[in-house]
Amino acid sequence: MQPTRDQKVWMYENMLVSRFLEETIEQIYLEGKKPVFNMANGPIPGEMHLSNGQEPCAVGVCAHLKPEDVVTGTHRPHHIAVAKGVNLRKMVAEIFGKKTGLSGGRGGHMHLFDANVNFACSGIIGQGMGPAVGAALSRKMQKKPGVAVAYIGEGAVNQGAFHEAMNLAAVWKLPFICVIEDNQWGISVAKSASTAVKDNSIRAQAYGVPGYLVKGNDPCEIFRVAGECIERARRGEGPSLIEIETSRLAGHFMGDAEGYRPKGELDALRARDPIPAMKARLMAEDGMKQEENDAIVARARAKVDDAIQFGRESPYAQPEEALEKVFA
Amino acid sequence: MQPTRDQKVWMYENMLVSRFLEETIEQIYLEGKKPVFNMANGPIPGEMHLSNGQEPCAVGVCAHLKPEDVVTGTHRPHHIAVAKGVNLRKMVAEIFGKKTGLSGGRGGHMHLFDANVNFACSGIIGQGMGPAVGAALSRKMQKKPGVAVAYIGEGAVNQGAFHEAMNLAAVWKLPFICVIEDNQWGISVAKSASTAVKDNSIRAQAYGVPGYLVKGNDPCEIFRVAGECIERARRGEGPSLIEIETSRLAGHFMGDAEGYRPKGELDALRARDPIPAMKARLMAEDGMKQEENDAIVARARAKVDDAIQFGRESPYAQPEEALEKVFA
Amino acid sequence: MSTLTSTAAKPKQNERRVTIARAMAEAVAQEMRIDPRVFVMGEDIGQLGGVYGNTRGLIEEFGPERVRDTPISETAFMGAAVGAASDGMRPVVELMFVDFFGVCFDAIYNLMAKNIYFSGGEVKVPVVLMTSTGGGYSDGGQHSQCLYGTFAHLPGMKVVCPSNAYDAKGLMVTAIRDDSPVIYMYHKSLQGMGWLGTEPAATVNVPEETYSIPFGKAAVVREGNDVTIVGVAMGVHNGLKAADKLAAQGISAEVIDLRTLVPLDRDTVFNSVKKTGRLIVVDEDYQSFGLSGEIIATVAERDLSVLKASPQRVAYPDIPIPFARPMEQFALPNPDKIVEAFHAMKRT
Amino acid sequence: MSTLTSTAAKPKQNERRVTIARAMAEAVAQEMRIDPRVFVMGEDIGQLGGVYGNTRGLIEEFGPERVRDTPISETAFMGAAVGAASDGMRPVVELMFVDFFGVCFDAIYNLMAKNIYFSGGEVKVPVVLMTSTGGGYSDGGQHSQCLYGTFAHLPGMKVVCPSNAYDAKGLMVTAIRDDSPVIYMYHKSLQGMGWLGTEPAATVNVPEETYSIPFGKAAVVREGNDVTIVGVAMGVHNGLKAADKLAAQGISAEVIDLRTLVPLDRDTVFNSVKKTGRLIVVDEDYQSFGLSGEIIATVAERDLSVLKASPQRVAYPDIPIPFARPMEQFALPNPDKIVEAFHAMKRT
Ligand SMILES: Cc1ncc(C[n+]2csc(CCOP(=O)(O)OP(=O)(O)O)c2C)c(N)n1
Ligand SMILES: Cc1ncc(C[n+]2csc(CCOP(=O)(O)OP(=O)(O)O)c2C)c(N)n1
Ligand SMILES: [Mg+2]
Ligand SMILES: [Mg+2]
């Protein structure tokens, strides 16, 4: 299953939105944090996990999804949320902690929930698995359409939740796909130091489900494999697992000095940045001209600028609103 | 690696000790629980998980172990404790809750600890895995001899602890063996309803370690496979996994009416009781005569009788001793 | 003060008397009949009917799609309950023993309890988590705990602890209809399962028709003037028995069944102590940093002057639960300890 | 009353001033030098030196065998810590944020905390579990909790919560030498990590040589006569600042740093309240069913008559921790709230 030209453009544009968003957040995050970096300060305080480099994982899968499909993201959720169609204004406002944000500022960047497009995430490693499996169960029981996709990092695969949820989805033959973003690092710990197998795709065998390894951080290849898995799930044939070799172009979170990275690694990864690669491909294979590119870039930029402006200018909730929304 | 005649006799005798122990406990357990079955009553109150039928798993593995080796058992620990050489008197006294028991009656039948032979267990499914891996780590770090074996039920394999501990043992190449007792049931839930693969041995591939399936509930075959795994671990070549097809000849716990068992299953399993089979084999292959058998049976019986008498006649701790031994 | 009182104390001729186990199953069945979104999952809750009988009969009526035995994978199925609930279902999920919470507590307290807040109320999490509590039958330290304080301490979960079958049914109906997560803690020795040595007073008349009991309303199960005894679940029965003993000594005890810990009916407790001037909290959970301290602090911080004597607690000591009967029984709260506590109170 | 007092308040010229992060790492290193059984494991504690700096320098000195980065498998490595400890090692293991306890709590509270008891004392479990607590820097509801009450409620674990580097070092040494499990909770905003907006008063003079501080001895960090303010970790600093403000109003506050929650130095608290007659408990953990209730109950149950006013608490409200700065800061305890609590106290 190959993406159409429109789908490629969609993927490219969403990768750009995601990247522009991260680049803008990065700048704003640093406001108020210089000369002394103090996470508590600035317009965007707290931890900030940027997704630069991992955009292909988001767009290659989500290109197949409709709003009714369910996605759970990780602690590094922006690219996935963008590709899933989370309301960008509300999402950015949430990252700023504003009243107009997805949760009115209660959640923050690791807790983005958009019920309209069935997106959720958690800051706890591996804990998107169970809820996605539960959503898949809900669809099966209600005989409603929709698949559920859980994103998870390669480090998180060593968490018990992965194992339990994969088995449960397989036993119950649920419309579920586990997408592993293998960026080779769990904070400062390399995959080889944390994971007993080279490729997590082999772990699919432990659940009797198809397992795929996608190399090259290539949106089109991810699209192809994800398409198969999602179709399979839609046909009621059960879950599958995809491991995607991707790259983390930023620190684990902002402020990470990355002393643990081997020299040269980052440069090598940057040289393989998937976004210029996608642009080149569209130009080479799909006859995209510079003008069309400029228009796409401008659209992406405008979306981000609009959302950022909305987020920045929105007011905070009243402090005492903290006490609300504990219960439904 | 085939067991010697002595090893076979050792296995046979320990299976007998274990079985006689369970049969005697069963009787005593029912004292005070008739006509109304109330778990709280009688000389042995609380839950009681008997191991009848699973003795081969215990003796086939433990025949290779020395006191210095570490074993963690499950909520169904008696057969394993017997084969590991746990002090039988103290163990029985513990099951009675007596002051002379392994913990003075604080633990009970799901919490048997004997530091002299490095045996421990837990009533929580899957939670023997981490401690056994930790003991294996300790040996490796201290460069002390010894392997660690964790027993786990086939139902427990679907618990996250299994996955995490297997991966950890494999990444750190520890002298660790996971032994799965597949009795086809987790309380009332059949393996097929809980487990996405037919044989858990395939799950070894998820950790890049050797995985074995042993059929037939045969102590000698278990001995052979366990021997390979344990030798491998002793050579410093890392962990492995063994799934043993065994049979649960009793209810999940005493009082279980087993309405969920298919008709005829129990009779079929009883017809394949591993203890008469082992006797027949010793007679056929190793020239065991009836007299020798009688002597073995008598020895086993005597050991159990002695331990039971010790346990029964021992005093309880003073009630207020409950407050002691919370901290070391 | 709440006007609701338990029916536990008033058996009538020919009335239908029902165990907590059956009251729970009946409430779930009635809700399943009227609401196709309600389903049950957990270990051994299908053909076995639940180890404690509280799902008995459900699989026969509703089939294995809606009454699902799970693998022994609490993290997965608690997480799945959250995901299914947010997707429009109303799962009733069982954690067989509350003691097992440690294998899946992240799914419970970081997801189930917080997703409503993290979504600003946009996502609902109508999960009922049923779990068994309590000891007294020598099941050892990993199968006998109550952990009321552990659950009640962490925000985002409502916590229900019925003491009798009437309340068990009405509170279950309320729980299933609630759009927030509810931890429904049932005490094994109140379940009416003979094999657990049940407390007979928990088995009471229960109407066949559906009814609900609001959360956050304590029940004054016995009125009195000299001392207020506060508890939940088995603590209520211990309190009632102690009240009988105290009555024989001419002391009139009021007994309060909190029924829900979250929300907590602090007013009913405070008003009772205002009347009696004395407070004893009974708790089968560990003593320190838990329910007993909270109730005492609730009264003391609001108005110390209502207390005529130092409040007391009769709680489980801060030790793991021992297996042996003499040690376990020594450690458990009981009516005599409550009577002693009354007499030991330091008058101001 | 304990005669130990914190050195936090007495900076001298030219003295060595050390952060809690460094004091912890120094204590661990010194113990590792003299005891080959001590080792460290956890996520990112090797080359990274711990997200909060408390293992910095260890891998360079002791190598990756004794300073082990783990997979993100808390259940496995907490369980492994128990197994290694019972086998003669003395693991110091890190749970990066206390908020993550839910993925591995069974290994902690059903194994680590109970195996000594279940073995009748035959097995020792010398594990130190270091874990970071606290919020205030907008890290959201899964990365900002304290959970003091959650850990202190469950028997079998000692619970340590230092407020300054001097105590941090001495308590760490005691923890490592203890044969029982110790939960060592360090507050992120006291770590001396600039990127977390550290409280400067936590960075104090720390002797280079090894010393230990006994568990169960609270420190009276400021003496006073009119009110007793009790807290741990950040609560102590809030208490000290409130005491300054109260002093400006002519009110003399005594401030108690509990230092360890288990064992709990109830005597020091009680004796102080006996002197002052008034009690305020400061707690950054959730208010209900936790530390604040326990401290109030401790005084009230022992002798109500020592209290001259209704005791008060300044604790985290029973809500998940919000991300947005205005909401989070609104919810956190602070010195002004303590001063207000003093004035709001109902006199008897
Ligand atoms: C249960 C749990 N343990 C630890 C953490 C801390 N933590 C946050 S992100 C992270 C690394 C995750 O690595 P990976 O899954 O590969 O995702 P990545 O950060 O590379 O996207 C860790 C250890 C956590 N959030 N939850
Ligand atoms: C975490 C946890 N969940 C559930 C239980 C309750 N339980 C006790 S034994 C058991 C079945 C275990 O099945 P299996 O692992 O196959 O062992 P078997 O009983 O067959 O020996 C269950 C569910 C438990 N003790 N711990
Ligand atoms: Mg990664
Ligand atoms: Mg089994």
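Just so it is clear, the structure is predicted and the values come from calculations on it, not from any experiment. Naming: A, B, ... by sequence-line order, numbering from 1 per chain.
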Query - Atom of Ser103(B), atom of Gly120(D) and distance for their closest heavy-atom approach - result: CB-N, 3.2 Å
Report summary line: Applying a strict 4.5 Å limit to non-hydrogen atoms, the region of Met129(B) in contact with chain D is neither
Query - Arg106(B) vs Phe118(D) side-chain heavy atoms within contact, under 4.5 Å - result: no
Report task. Give, for atom OG of Ser73(D) and atom CE of Met166(B), the distance between the pair rounded to the nearest 0.5 Å. Result -> 12.5 Å
Query raised in the report: Are the side chain of Ser180(D) and the backbone N or O of Ala328(B) linked by a donor-acceptor pair below 3.5 Å?
Result: yes
Query raised in the report: Who among Gly123(B), Gly108(B), Gly128(B), Gly134(B) has the most heavy-atom pairs with chain D under 4.5 Å?
Result: Gly134(B)
Requested in this report: Below 4.5 Å from any heavy atom of chain D, which atoms of Asp114(B) appear? Answer side chain, backbone, both or neither.
Outcome: neither
**Report entry** Phe162(B) and Thr75(D): CA distance, side-chain angles, deciding distance, side-chain contact (heavy atoms from CB on, under 4.5 Å) verdict
**Finding:** CA-CA 9 Å; Phe162(B) 165 82; Thr75(D) 292; over 6 Å; no
Query raised in the report: So which part of Asp106(D) gets closer than 4.5 Å to some heavy atom of chain B, the side chain, the backbone, both or neither?
Result: both
**Report entry** Gap between atom CE of Met89(D) and atom CZ of Arg139(B) - 0.5 Å precision
**Finding:** 11.5 Å
Report summary line: Under 4.5 Å to a heavy atom of chain D? For Asn118(B) that would be side chain
Report task. Answer whether the closest heavy-atom distance between the side chains of Phe113(B) and Asn115(D) falls below 4.5 Å. Result -> yes
Query raised in the report: Counting only heavy atoms not in Lys90(B), do more than 12 fall under 6.0 Å of its NZ?
Result: no
Query raised in the report: Should the heavy atoms of other residues, nucleotides or ligands under 6.0 Å from NZ of Lys140(B) be counted, would the total exceed 12?
Result: yes
Report summary line: Whatever's closer than 4.5 Å to a heavy atom in chain D on Ala161(B) counts as both
Requested in this report: With the side chain counted from C-beta on, respond yes when Phe327(B) and Val262(D) share a heavy-atom pair under 4.5 Å apart, and no when they do not.
Outcome: yes
Query raised in the report: Heavy atoms, side chains only, cut-off 4.5 Å: are Asp87(D) and Val70(B) in contact?
Result: yes
Query raised in the report: Side chains of Leu168(B) and Pro71(D): closer than 4.5 Å at any heavy-atom pair?
Result: yes
Report task. Among the options His163(B), Met110(B), His111(B), pick out the one with the most heavy-atom pairs lying under 4.5 Å from chain D. Result -> His111(B)
Query raised in the report: Are the side chains of Ile124(B) and Leu111(D) in touch, meaning some heavy atoms are under 4.5 Å apart?
Result: no
Query raised in the report: Picking from Ala135(B), Gly107(B), Ala132(B), which has the most non-hydrogen pairs under 4.5 angstrom with chain D?
Result: Ala135(B)
**Report entry** Side chain, backbone, both or neither of Phe77(D) within contact of chain B (heavy atoms, under 4.5 Å)
**Finding:** both
**Report entry** Choice from Met41(D), Met78(D), Arg68(D) maximising heavy atom contacts with chain B below 4.5 Å
**Finding:** Arg68(D)
Query raised in the report: CZ/Arg66(D) to CE/Met141(B) distance, rounded to the nearest 0.5 angstrom?
Result: 7.0 Å
Query raised in the report: Looking only at atom types and distance, does a side-chain atom of Glu122(D) sit under 3.5 Å from a main-chain N or O of Ala115(B), one as donor and one as acceptor?
Result: no
**Report entry** chain B contact via Ser86(D) - side chain, backbone, both or neither, heavy atoms under 4.5 Å
**Finding:** neither
Query raised in the report: Quick check: does any side chain N or O of Tyr117(D) sit under 3.5 Å from a backbone N or O of Ala322(B), one acting as donor and the other as acceptor?
Result: yes
Query - Contacting region of Gln142(B) [heavy-atom separation from chain D under 4.5 Å] - result: side chain
Query raised in the report: For the candidates Met157(D), Arg37(D), Lys114(D), which exhibits the highest count of non-hydrogen atom pairs separated by less than 4.5 Å from chain B?
Result: Met157(D)
Query raised in the report: Do the non-hydrogen side-chain atoms of Ile72(D) and Glu164(B) ever get within less than 4.5 Å of each other?
Result: no
Report summary line: Rounding to 0.5 Å, atoms OG (Ser119(D)) and CG (Leu102(B)) come to a distance of 9.5 Å
